[in-house]
Number of protein chains: 2
Amino acid sequence: MFELDLRSRRPIYEQLVDKLKQLIINDVLKQDEQLPSVRTLAQQLSINPNTIQKAYRELEAQGYIYSVKGKGSFVSQMVAENNEHQIKQAKDQLKKQIAEALFIGLTVQDLKEILEEVIGGEPNDSNAERK
Amino acid sequence: MFELDLRSRRPIYEQLVDKLKQLIINDVLKQDEQLPSVRTLAQQLSINPNTIQKAYRELEAQGYIYSVKGKGSFVSQMVAENNEHQIKQAKDQLKKQIAEALFIGLTVQDLKEILEEVIGGEPNDSNAERK
DNA sequence: TTAACTGTATTAGTATGTTTAGTACAGTTT
DNA sequence: AAACTGTACTAAACATACTAATACAGTTAA
């Protein structure tokens with residue numbers, strides 16, 4: 001399903017959270033699609049089921065998936081409600097990131113290109129309402 | 001000089017690296033300005049000098065400061081040369097971050113505002129050359 | 001030269017976090 | 001009932017972060 005760097009100083013469960021987020025965001029894993037079970041995925045990746053569970057728990061806490069005992073774990077639909085804190089955090093982080101990018105040498109042109117590139121693949125959301 | 005959250009799960013030295021980066025990027029610490037010595041800063045922050053040193057070592061590795069034995073640590077001038085890898089990394093990370101921001105509910109309008117906001121405080125760099 | 005500063009290195013001990021292993025229990029599906 | 005699902009718990013191994021103490025080398029000013 002994907003590759004992990006077991007030798008990295010970055011915890012496996014964090015790598016897992018990141019990879020799965022990307023799959024969900026990029027719509028590779030679609031809404032309500034079932035994720036592999038903790039045991040199955042653990043076997044596929046040759047790591048401990050507890051590590052998978054930790055990643056799933058984190059993803060559930062962040063609202064990316066939901067788990068049902070006895071059934072499985074599924075991709076949840078992202079709702080912009082109740083996310084004010086998360087949104088503010090994302091904004092702050094982006095500001096930092098952009099300032100740092102400029103500092104190390106990216107041009108304003110670079111940034112605009114990146115923005116256009118990412119927006120290109122997204123449905124136009126600029127009329128969306130958020131309470 | 002700044003505040004640290006000793007109770008955070010985030011390592012102290014990482015918080016230090018982050019704070020100092022921000023000070024350098026925002027020109028609070030200016031080029032060739034001397035940073036507090038590892039011992040002085042350690043005393044001010046009530047933490048171990050080794051932890052400061054670890055942060056300084058990391059900042060030096062990332063090119064933000066340079067240290068001279070017997071003299072001290074100083075803010076270095078950021079050069080866009082030799083940073084191709086770092087720049088590519090920053091671009092990739094920004095793309096990820098933006099995609100995630102859109103996913104959790106930020107609008108394209110939000111992103112454009114953020115970009116304008118950060119660019120506003122920066123010298124216009126769009127004519128800069130990078131080999 | 002000496003004293004007091006600077007960065008740097010090393011060793012050891014403690015604490016915390018990550019990962020594995022094993023076991024167990026509850027709910028679902030066939 | 002059997003085989004799957006998520007979830008919880010304990011114990012041990014291991015890695016990392018941090019502190020503490022000490023030491024050494026280079027710089028600077030008295």
Side-chain angles (χ1 to χ4, degrees), chain A residues 1-21 23-24 29 31-76, chain B residues 1-21 23-24 29 31-76:
Chain A
M1 195 172 195
F2 34 57
E3 310 145 17
L4 297 176
D5 182 3
L6 301 182
R7 275 175 275 174
S8 167
R9 24 274 170 239
R10 188 142 185 252
I12 299 176
Y13 81 95
E14 274 192 20
Q15 295 182 47
L16 261 172
V17 167
D18 202 62
K19 298 274 188 189
L20 286 169
K21 262 195 202 177
L23 292 181
I24 294 173
L29 293 174
Q31 191 173 332
D32 290 319
E33 180 171 343
Q34 182 164 10
L35 298 170
S37 77
V38 291
R39 290 174 181 83
T40 302
L41 189 51
Q43 200 166 16
Q44 281 179 15
L45 300 177
S46 303
I47 59 181
N48 195 282
N50 292 337
T51 305
I52 309 288
Q53 196 203 339
K54 188 166 186 178
Y56 280 12
R57 194 189 309 142
E58 178 65 21
L59 284 168
E60 185 166 24
Q62 291 187 30
Y64 286 83
I65 70 174
Y66 62 94
S67 296
V68 184
K69 203 192 298 189
K71 299 193 69 175
S73 299
F74 307 86
V75 177
S76 61
Chain B
M1 196 172 193
F2 34 56
E3 311 143 18
L4 296 176
D5 181 3
L6 301 184
R7 276 175 276 174
S8 168
R9 23 274 167 238
R10 189 144 185 249
I12 299 177
Y13 82 95
E14 274 192 22
Q15 295 182 48
L16 261 172
V17 168
D18 202 62
K19 299 275 188 189
L20 286 169
K21 260 194 202 178
L23 292 180
I24 293 173
L29 293 173
Q31 191 173 332
D32 289 319
E33 180 173 341
Q34 183 164 10
L35 297 171
S37 78
V38 290
R39 290 174 181 83
T40 302
L41 189 51
Q43 200 166 15
Q44 280 177 14
L45 300 177
S46 303
I47 58 181
N48 195 282
N50 292 339
T51 306
I52 309 288
Q53 196 203 340
K54 189 167 186 178
Y56 280 12
R57 195 188 309 141
E58 178 64 22
L59 284 168
E60 187 165 23
Q62 292 187 30
Y64 285 84
I65 70 174
Y66 61 93
S67 296
V68 184
K69 203 191 300 189
K71 300 193 67 173
S73 299
F74 307 85
V75 177
S76 60

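Just so it is clear, the model here is predicted, and its values are computed rather than measured. Note: hydrogens, waters and symmetry copies are ignored here, and every other heavy atom, side chains too, is used. Naming: A, B, ... by sequence-line order, numbering from 1 per chain.
Residue A/S67 places no side-chain N or O under 4.0 Å from the OP1 or OP2 atom of D/dT5. Not one side-chain nitrogen or oxygen of A/S73 sits closer than 4.0 Å to the OP1 or OP2 atom of D/dT5. Between A/K54 and C/dT18, a side-chain N or O to OP1/OP2 separation shorter than 4.0 Å is present. A sub-4.0 Å separation between OP1 or OP2 of C/dG7 and a side-chain N or O of B/K71 is absent.
In this structure, A/Y13 and A/G70 both approach DNA chain C, and ranking their closest nucleotides by distance from the 5' end singles out A/Y13. Taking the nucleotide of DNA chain D with the nearest heavy atom to each of A/R7 and A/E60, the more 5' of the two is matched to A/E60. Mapping B/P49 and B/V68 onto DNA chain D by nearest heavy atom places B/P49 closer to the 5' end of the strand.
The residue A/T40 sits close only to the backbone: its heavy atoms come under 4.0 Å of sugar-phosphate atoms, none of a base. Residue A/R57 is out of contact with every strand shown, counting any heavy-atom pair closer than 4.0 Å. As judged by a 4.0 angstrom heavy-atom cut-off over every strand, A/R39 is placed among the base-contacting residues.
When the P atom of C/dT6 is taken as reference, atom CZ of B/F74 falls 11 Å away, rounded to whole Å. In this entry the distance linking CD of A/E14 with P of D/dT16 reads 14 Å, nearest Å. As a whole-Å value, the separation of B/L59 CG from C/dT8 P is 12 Å. Separating the NZ atom of A/K69 from the P atom of D/dA8 is a distance of 7 Å, rounded to the nearest angstrom. Between the C1' atom of C/dC5 and the CG atom of B/L41 lies a distance of 16 Å, rounded to the nearest Å. Note: CG (B/L16) to P (D/dA17) measures 14 Å, nearest angstrom. In this structure, the OH atom of A/Y56 is 14 Å from the C1' atom of D/dT7, given to the nearest Å. Across the protein-nucleic acid pair, A/N48 atom CG and D/dA11 atom P stand 17 Å apart, rounded to whole Å.
Counting heavy atoms from C-beta on, the side chains of A/D5 and A/R10 never come closer than 4.5 Å.
For B/Q34 against B/K71, the heavy-atom pair with the smallest separation is NE2-O, 3.1 Å. Nearest heavy atom pair, residue B/Y56 against residue B/I65, reads O-CD1, 3.6 Å.
Each of C/dT18, C/dT6, D/dT19 was ranked by its minimum atom distance to the side chain of A/P11; first place goes to C/dT18. Across D/dA8, C/dT19, D/dG6, the shortest atom-to-atom separation from the side chain of A/V38 is found for D/dG6.
For A/S76 (side chain) and A/Y64 (main-chain N/O), a donor-acceptor pair under 3.5 Å exists by modelled atom type. Looking only at distances, a side-chain donor or acceptor of A/E60 sits under 3.5 Å from a matching main-chain atom of A/S67.
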